[in-house]
Amino acid sequence: MCGRYASSRRPEDLIEEFEVEESRVETPLEPDYNVAPTKPVYAILERPPSRESDEPPQRQLRVLTWGLLPSWAKDPKMASRLINARVETVAEKPAYRRAFAARRCLLPADGYFEWYPTSQTTASGKPRKQPFFIRPRDHGVVAMAGLYEIWRDPERADDDPERFRWTCTVLTTQAEDELGHIHDRMPMMVEPDRWSAWLDPTARGDELRRLLVPAAPGALEAYPVPVLVNNVRNNGPELVEPLPLHEAEG
């Protein structure tokens with residue numbers, strides 16, 4: 001799964017990296033080295049310039065909330081449970097299939113965190129878990145495959161600018177062999193040559209399924225990081241600094 005990640009790039013850097021045509025970011029987000037569910041995150045997606053426009057979709061940078069809230073949802077609290085969608089079932093699951101068909105996005109990240117059970121135990125007898133940070137070997141941006149939804153809050157007036165909630169989820173796939181010993185799942189990465197195809201809201205069926213491929217083996221590196229990341233209140237670049245091997249829990 002993917003339950004935490006780091007995202008420290010500035011919106012202007014993302015606009016250049018992803019060739020964004022329009023920024024819908026009113027207030028830039030602070031660098032976040034401990035992104036957790038329900039937090040605001042950057043997303044790249046393609047939308048028509050306006051609801052009435054016949055022009056082709058524009059590539060936009062927006063701020064969404066992590067945790068998908070399907071348009072048909074009655075209880076907004078369900079979003080906190082829909083932070084990941086499995087690529088194997090995303091086209092069939094009721095919570096995801098509409099978004100998968102037409103509302104796909106890219107979620108930029110520096111990398112993501114996973115926890116590995118060690119041989120040490122806690123006071124309760126459970127394995128103590130060591131956090132790892134997983135990122136591209138070249139330290140480039142990670143483009144995680146995502147889905148987004150737009151939920152209309154029935155308790156807000158039609159003229160309320162906050163009446164629509166934009167939310168997202170991260171797609172996960174089987175981890176590559178080098179990372180599988182840490183966790184059997186990982187975010188699905190979208191390579192640059194597939195960004196346009198993934199974001200295209202008109203793509204359908206087999207065309208979409210051909211895009212659901214894991215990251216190239218060997219493109220990522222994993223290393224232990226301080227247990228400070230366990231607490232979502234901790235946030236800073238020290239969370240992604242490599243932990244000396246003699247300090248990592250074995």
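Positions are given from 1, in the same order as the sequence printed here.
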Between CD on residue Glu114 and CZ on residue Arg4, distance to nearest 0.5 Å: 11.0 Å
Value for CG (Leu239) from OH (Tyr33), rounded to nearest 0.5 Å, stands at 9.5 Å
Per side chain to side chain contact (heavy atoms under 4.5 Å, CB included), Lys39 is matched among Thr65, Val232, Leu29, Asp32 by Asp32
Asn84 side-chain N/O to Thr172 backbone N/O, donor-acceptor pair under 3.5 Å: no
Look only at the side chain of Arg163 and the backbone of Asp160, and say whether a donor-acceptor pair between them is shorter than 3.5 Å. yes
Hey, what do you get for OG1 (Thr89) to CZ (Phe100), rounding to the nearest 0.5 Å? 10.5 Å
Stepwise side chain to side chain contact (heavy atoms under 4.5 Å, CB included) test for Glu19 and Trp195: CA-CA 10 Å; Glu19 299 180 347; Trp195 288 351; over 6 Å; no
So if I apply the side chain to side chain contact (heavy atoms under 4.5 Å, CB included) rule between Arg86 and each of Lys93, Gln174, Arg185, which one comes out positive? Arg185
For residues Leu106 and Leu199, determine if any side-chain heavy atom of one lies less than 4.5 Å from a side-chain heavy atom of the other. yes
Answer whether the closest heavy-atom distance between the side chains of Arg135 and Val142 falls below 4.5 Å. no
Between Glu238 and Leu228, which heavy-atom pair has the shortest distance, and what is it? CG-CD1, 4.4 Å
Could you tell me whether the side chain of Thr167 reaches within less than 4.5 Å of the side chain of Leu64, counting heavy atoms only? no
Looking at Glu17, Glu21, Glu46, which one forms a salt bridge (charged side-chain N to carboxylate O under 4.0 Å, His left out) with Arg59? Glu46
In terms of heavy-atom contacts, Ala203 and Leu208 come closest through O-CD1, 3.7 Å
Nearest non-hydrogen partners of Ala109 and Arg9, listed with the distance: O-NH1, 4.3 Å
The single option from Tyr5, Tyr112, Phe113, Tyr223 that satisfies side chain to side chain contact (heavy atoms under 4.5 Å, CB included) with Ile134 is Tyr112
Report yes if the side chains of Leu171 and Leu147 come closer than 4.5 Å at any heavy-atom pair, otherwise no. yes
To check you understand the geometry: which heavy-atom pair defines the closest contact between Ala222 and Phe132, and what is its length? C-CD2, 4.2 Å
For the side chain of Arg128 and the backbone of Gly125, is there at least one donor-acceptor N/O pair under 3.5 Å apart? no
Nearest 0.5 Å, what's the NZ-CH2 distance between Lys74 and Trp151? 10.0 Å
Let me confirm one number: the CZ-OH distance from Arg10 to Tyr42, rounded to the nearest 0.5 Å. 10.5 Å
With side chain to side chain contact (heavy atoms under 4.5 Å, CB included) as the test, would you mind laying out the steps for Asp110 and Phe133 before giving the verdict? CA-CA 10 Å; Asp110 304 338; Phe133 189 59; 4.3 Å; yes
Under 4.5 Å between any side-chain heavy atoms of Val170 and Trp66, yes or no? yes
Side chain proximity check, Ser71 to Ile150, heavy atoms < 4.5 angstrom: no
Should Cys168 and Leu45 count as side-chain neighbours, where that means a heavy-atom distance under 4.5 Å? no
Relative to each other, are the rings of Trp166 and Tyr148 parallel, tilted or perpendicular (30° and 60° limits)? parallel
So how far is it from Leu211 CG to Arg104 CZ, rounded to the nearest 0.5 Å? 8.0 Å
Taking the side chain as every heavy atom from C-beta outward, state whether Glu30 and Asn235 have any atom pair closer than 4.5 Å. no
Note: Ser7 and Pro108 closest approach over all heavy atoms is OG-O, 3.6 Å
